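Since the structure comes first, as C-alpha cells, the remarks are kept for the end.
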Amino acid sequence: MGVKDNDNFFERVYEVARLIPYGRVTSYGAIAKCLGAARSARMVGWAMNACKGRDDVPAHRVVNRKGVLTGKHHFEGTNLMQQLLESEGIEVIDNQIQNLDELFWDPMTEL
DNA sequence: CCTGTGACATAAG
DNA sequence: CCTTATGCCACAG
C-alpha cells in the first residue's frame, strides 16, 4: 500500500527493536550486526532518532556497548529513558544499566 | 556527486 | 575517568 512500505534499513532497525523482550536491552552494534551492517551501528542510533512518534519502537531498550544510556538526551525530559527502563525492572545507576550481562539481549543469538 | 551529520565502536594519550 | 581521533556507513540536501 502507499508509495513505499519499507524504508529498508530504518524499518529493519525498528523491527528488531520491537523484538526486544520486556525487561531486556541490546546495543546499537548488535542490531546493526543483525541487519548485516555491523559497521553501521551509528545508523541504528540515527534510525532511533527518526523513531520519534513511533510507540512501536522501544528505543529506551537500546543502549551502547557499555550499557550506558547514551541516547537519553533524545527522550523527553532528562530521565525519561531511565524511568522507562526501571519501570521494566532494569536497574539503572548513573545512566548505566546494572547487571547488563544478564539483561543483554543479542538479536543474533536469541533469534 | 559531494558534503555534512549522527543515540557507535574502538584505540590512544 | 577524561578528551581526541579515526573508521565506518546510510541518508538528506
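The structure presented is a predicted model; accordingly, all values stated were derived computationally and were not measured.
The stretch residues 70-78 of chain A touches DNA chain B through Thr70(A), Gly71(A), His74(A), Phe75(A), each having a heavy atom within less than 4.0 Å of the strand.
Using a 4.0 Å heavy-atom distance criterion, Ala50(A) is classed as making no nucleic acid contact. When heavy atoms are screened at a 4.0 angstrom cut-off, Tyr28(A) is found touching base atoms of the nucleic acid. Residue contacts shown for Arg42(A) include a base, since a base heavy atom lies under 4.0 Å away. Using a 4.0 Å heavy-atom cutoff across all strands shown, Asn49(A) reaches at least one base atom of the nucleic acid.
Nucleotide dC8(B) holds its P atom 14 Å from the CZ atom of Phe9(A), rounded to whole Å. Protein atom CZ of Arg65(A) is 13 Å distant from nucleotide atom P of dC8(B), rounded to whole Å. Distance, Glu11(A) CD to dC11(C) P: 12 Å, rounded to whole Å. Distance Asn8(A) CG to dC11(C) P: 7 Å, rounded to the nearest Å. Following rounding to the nearest Å, Phe10(A) (CZ) and dT5(B) (P) show an atom-to-atom distance of 16 Å. Here the C1' atom of nucleotide dC11(C) and the CZ atom of Arg12(A) are 16 Å apart, to the nearest Å. The CG atom of Asn95(A) sits 13 Å away from the P atom of dC1(C) (whole-angstrom rounding).
Lys33(A) pairs by the side chain to side chain donor-acceptor pair (under 3.5 Å) definition with nothing, not counting sequence neighbours. When the side chain to side chain donor-acceptor pair (under 3.5 Å) test is applied to Asn99(A), the partners found at least two apart in sequence or on another chain are Glu102(A).
The side-chain heavy atoms of Thr26(A) and Pro107(A), taken from C-beta on, include a pair separated by under 4.5 Å. Put simply, the side chain of Trp46(A) reaches to within 4.5 Å of the side chain of Asn49(A), judged on heavy atoms.
Minimum atom distance to the side chain of Met48(A) is reached by dA7(B), of the listed dA7(B), dC8(B), dC11(C). Closest to the Trp46(A) side chain, of the nucleotides dC9(C), dA9(B), dC11(C), is dC11(C).
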In residues 52-59 of chain A, what donor-acceptor pairs under 3.5 Å come from side-chain atoms, sequence neighbours left out?
residue	atom	partner	partner atom	Å
Arg54(A)	NH1	Glu11(A)	OE2	3.4
Arg54(A)	NH2	Glu11(A)	OE2	3.4

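Residue pairs meeting the side-chain hydrogen bond (donor to acceptor under 3.5 Å, both in side chains) criterion with at least one member in residues 83-98 of chain A, sequence neighbours excluded: His60(A)-Glu88(A), Arg61(A)-Glu88(A), Lys72(A)-Asn95(A), Asn79(A)-Gln83(A), Gln82(A)-Glu86(A).
Of the residues near DNA chain B, Lys66(A) and Cys51(A), the one whose nearest nucleotide (by heavy atom distance) lies more toward the 5' end is Cys51(A).
Cluster partners of Leu84(A) are Val25(A), Val63(A), Leu69(A), Phe75(A), Leu80(A), Met81(A), Leu85(A), Ile90(A), Val92(A), Ile97(A), Leu100(A), Leu103(A), Phe104(A), counting Ile, Leu, Val, Met, Phe, Trp and Tyr whose side-chain heavy atoms approach within less than 4.5 Å, directly or via other members.
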